[in-house]
Amino acid sequence: MPADIRRQVLVEAGHRCAIPTCRHIDVEVHHIVPWETCKEHKYSNLIALCPNCHSRADLGKIDRKSLHLYKLNLRFAHDKYSQLEMDLLFDLGKGGGAISWPSFNMVLLRRIVESGLVHVQQLPGVSTAVFGLPMKAMILSLTDVGRSFIQSLGVKEL
């Protein structure tokens, strides 16, 4: 494998396993479509995995579609939306409904709200405060723009 491609894959993942719940620091470069099938080292087909996740992927316990989504999520870690925002978009896309979100945490979703991917509705009722923070619940749902965005990422359960 050319050193520049290997380096690019490792830097993309921050020299950690690309599986968000793992993030182990001892990593190997894995072919998403097996080497035996593709016979090439293409950046888009490579992902950084720890030895444990690498073995699980080889055994089919982590499927290729999931590996592609993990790789895609790495792109967003370095791009416009945070991992939290991407997770919320995926959850909204798969669930097709709405999620309640505390108003004091809206700052964490600023980019997806400003991009028009999520609609925010304030629930009527009395607002309380804890340690000076407003505790009013907000309802978040995907907009048509958000739905199109999630579908473009391969989420089909909308």
Could you measure the distance from the OG atom of Ser44 to the NZ atom of Lys71? Nearest 0.5 Å is fine. 7.0 Å
Closest contact, heavy atoms only, His68 versus Ile32: NE2-CG2, 3.4 Å
Is there a path of hydrophobic side-chain contacts, each under 4.5 Å between heavy atoms, that joins Met106 and Met86? yes
I'd like to know if Trp35 and Leu67 are part of one continuous hydrophobic network [Ile/Leu/Val/Met/Phe/Trp/Tyr, side-chain heavy atoms within less than 4.5 Å]. no
Close side-chain approach of Ile139 to Trp101, heavy-atom, < 4.5 Å: no
How many angstroms lie between CG in Asp4 and CZ in Arg6, if you round to the nearest 0.5 Å? 12.0 Å
Under a 4.5 Å cut-off applied to non-hydrogen side-chain atoms, are Leu89 and Leu117 in contact? yes
Heavy-atom side-chain proximity of Leu49 to Val27 below 4.5 angstrom: no
Under 4.5 Å between side-chain heavy atoms, counting indirect links through other Ile/Leu/Val/Met/Phe/Trp/Tyr residues: same cluster for Ile47 and Tyr43 or not? no
Just checking, is any N or O donor in the side chain of Asp63 or Ser66 under 3.5 Å from an acceptor N or O on the other one? yes
Closest heavy-atom contact between His41 and Leu46? C-CD1, 4.2 Å
Cation-pi check, Lys65 to Tyr70: give yes when NZ or CZ is under 6.0 Å from the six-membered ring centre and within 45° of the ring axis, no otherwise. no
Any link between Leu88 and Val107 through a network of hydrophobic side chains (Ile, Leu, Val, Met, Phe, Trp, Tyr) touching at under 4.5 Å? yes
Taking all heavy atoms of Cys17 and all of Cys50, pick out the closest pair and write down the distance. SG-N, 3.4 Å
Smallest heavy-atom separation, Arg23 atom then Pro20 atom, equals CG-O, 3.3 Å
Any chance you could measure Gln122, atom CD, to Ser103, atom OG, to the nearest 0.5 Å? 7.0 Å
What's the verdict on side-chain contact (heavy atoms from CB on, under 4.5 Å) for Leu109 and Val120, showing C-alpha distance, side-chain angles and the deciding distance? CA-CA 10 Å; Leu109 307 179; Val120 180; over 6 Å; no
Check whether any side-chain heavy atom of Ile62 sits under 4.5 Å from a side-chain heavy atom of Cys53, and report yes or no. yes
Test item: Glu28 and Pro51 side chains (from C-beta on) under 4.5 Å apart, heavy atoms: yes
Do His119 and Leu142 touch side chain to side chain, with heavy atoms closer than 4.5 Å? no
Mind checking whether Cys38 and Val33 have side chains closer than 4.5 Å, heavy atoms only? yes
For atom CD1 of Ile25, decide whether the heavy atoms of other residues, nucleotides or ligands shown that lie under 6.0 angstrom number more than 12. no
Salt bridge (Lys or Arg N to Asp or Glu O under 4.0 Å): which pairs involve residues 112-124, sequence neighbours left out? Arg110-Glu114
Should His24 and Asn52 count as side-chain neighbours, where that means a heavy-atom distance under 4.5 Å? no
Roughly how far, to the nearest 0.5 Å, is the CD1 atom of Ile99 from the OG atom of Ser141? 10.0 Å
To the nearest 0.5 Å, what is the distance between OG1 (Thr37) and CG (Asn45)? 9.5 Å
Looking at Leu74, is its backbone amide N or carbonyl O close enough to the side chain of Glu12 to form a donor-acceptor pair, meaning the two atoms are under 3.5 Å apart? no
Quick check for you: to the nearest 0.5 Å, what is the distance between Glu40 atom CD and His31 atom NE2? 8.5 Å
Heavy atoms of other groups near Asp144 CG, more than 12 under 6.0 Å: no
Do Phe90 and Leu108 sit in the same hydrophobic cluster, where Ile, Leu, Val, Met, Phe, Trp and Tyr count as joined when their side-chain heavy atoms come under 4.5 Å apart? yes
Identify, with sequence neighbours excluded, every residue that meets side chain to side chain contact (heavy atoms under 4.5 Å, CB included) alongside Asp58. His30, His54
